[in-house]
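Letters A, B, ... are given to chains in the order of the sequence lines, protein chains preceding strands, and every chain is numbered from 1.
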2 protein chains.
Amino acid sequence: MAKLTTCIDLMDEGIDRVSQIIPTMPAAEARLCRLLLMVGEGIDQELAFKLKPHKLNHSEFLTLMILYSRPDGSSTPGELCEFATQGATNMTRIANALARRGLITRGASAADRRRVVIRITAAGRRFVKEMLPPMFPRIDTMFDNFSATDKRHLDRLLRKLAGNLDRLSEHSHP
Amino acid sequence: MAKLTTCIDLMDEGIDRVSQIIPTMPAAEARLCRLLLMVGEGIDQELAFKLKPHKLNHSEFLTLMILYSRPDGSSTPGELCEFATQGATNMTRIANALARRGLITRGASAADRRRVVIRITAAGRRFVKEMLPPMFPRIDTMFDNFSATDKRHLDRLLRKLAGNLDRLSEHSHP
DNA sequence: TATGTTTACTTCACCGATGAAATATCCGCT
DNA sequence: AGCGGATATTTCATCGGTGAAGTAAACATA
């Protein structure tokens, strides 16, 4: 598997050459975008690696965690779509997958019969409580050489960037 | 479409509640992971939005850009897989798609007849040179309120994180 | 030069995700 | 009460991506 750092080196060279041909390019900013995308993919793969033994994929895990973290352990497909930034179509499949394994239940809403109520089961809670801790060491290792201020900075900058992205997409694809 | 910042707020609450149930969780680090993943997805969507009018997807664009940035404008499927972190299978499809549009050519290597030489065409270069500049304003906007040191910090922290991820995956899935 | 191993790419079968359309229910208005 | 539009979820067709097996050429070595 290709190392992330060598990909980054190649990306740096590539951007240098492109910005020679097209000097109006915002090279530093484009570099940051690519960096972010690459590191994001790296974390994705790391997460997938940790989820594979449990036969979960990223979106199923996220959905289960959202339910786990809710005080009442329940939600609806529509709400879960919002929070997990998933399409409704996919949420149907995710719910099917989790329900088939007995980690959640699907029931009809009494108040609004269009709605489906999804609830995490006791088995689902047990499952999460057991699978989560073994991930912790690797998460810690990811930020090994990060000082407290490093972490604070990264947190702040990512949130700032998220705000900018929100404003961008508001204007164009709202 | 759900705003990124509200998803982040919900994520914060979720992590708080989970770390009450499971206090050994490295909450700050998990938060950073999720933040990075979410911002990464945001940039992905933004990129997809800019590519859609050109009927390109992310991996096709990246592949084309790698070719564009190479001094001789050529490479091989294997090399492109490495640099674009793509599976060989997918690279075949990408090359098919780009070749069908006349943006690249596929030829046999004289030196090694197992190899396929992929080369960006004049039309491919023109295509890139025209599609790239309209993206610049939005990239600039993404980092609008970032100071020069903000950008430097983000760059440094992401590279550091990439190094850590490399060490992680070396040990476990090499 | 014959043989087994490695490398490069493609084909095939499948999975996860998405857009468009279908279905069922709810809500506002007359 | 009943009609029209909005909302919630599912189904279907399709796309992009991946793993496993297939094919072809190169290399190593005996």
In the single-linkage hydrophobic clustering (I, L, V, M, F, W, Y; side-chain heavy atoms under 4.5 Å), do L67(A) and V117(A) co-cluster? no
Tell me whether the OP1 or OP2 atom of dT10(C) has a side-chain N or O from R106(B) closer than 4.0 Å. yes
Looking at S59(A), does any N or O in its side chain come under 4.0 Å of the phosphate oxygens OP1/OP2 on dG16(C)? no
Would you tell me if any nitrogen or oxygen in the side chain of R115(B) comes within less than 4.0 Å of OP1 or OP2 on dA8(C)? yes
R114(B) has its side chain closest, among dC9(C), dA24(D), dC12(D), to dA24(D)
For the pair F127(B) and H54(B), name the ring-plane relationship: parallel under 30°, tilted 30 to 60°, perpendicular over 60°. perpendicular
Rounding to a whole Å, what distance do you find between L51(A):CG and dG16(C):P? 13 Å
Taking CG from D112(B) and P from dT6(C), how many angstroms apart are they, rounded to a whole number? 17 Å
Counting only side-chain nitrogens and oxygens, does Q86(B) get under 4.0 Å of the OP1 or OP2 atom of dT18(D)? yes
From CD1 of I94(B) over to C1' of dA8(C), roughly how many Å is that when rounded to an integer? 16 Å
Whole Å only: how far is the NE2 atom of H58(B) from the C1' atom of dA17(C)? 17 Å
Would you check if M135(A) and L51(A) make a side-chain contact, meaning some heavy-atom pair closer than 4.5 Å? yes
dC26(C) phosphate, OP1 or OP2: any side-chain N/O from R113(A) under 4.0 angstrom? yes
Check the distance between dC14(C)'s C1' and R93(A)'s CZ and give it to me in whole angstrom. 13 Å
Taking for each residue the nucleotide of DNA chain C with the nearest heavy atom, is it V117(B) or K52(B) whose nucleotide lies nearer the 5' end? V117(B)
Measure CG/L62(A) against P/dA17(C) and give the value in whole Å, please. 11 Å
Which nucleotide wins on minimum distance to the side chain of P77(B), given the candidates dT18(D), dG19(C), dC9(C)? dC9(C)
Any non-hydrogen side-chain atom of E41(B) less than 4.5 Å from a side-chain atom of D44(A)? no
Go through the N and O atoms of the side chain of T92(A) and the base of dA8(D), and report whether any donor-acceptor pair is under 3.5 Å. no
D44(B) CG to dA17(C) P, straight-line distance once rounded to whole Å: 14 Å
Which nucleotide wins on minimum distance to the side chain of N57(A), given the candidates dT10(C), dA17(C), dT9(D)? dA17(C)
Which whole-number value in Å describes the distance from N90(A) CG to dG17(D) P? 15 Å
Taking L132(A) as the starting point, is it possible to reach L56(A) by hopping between hydrophobic residues whose side chains are less than 4.5 Å apart? yes
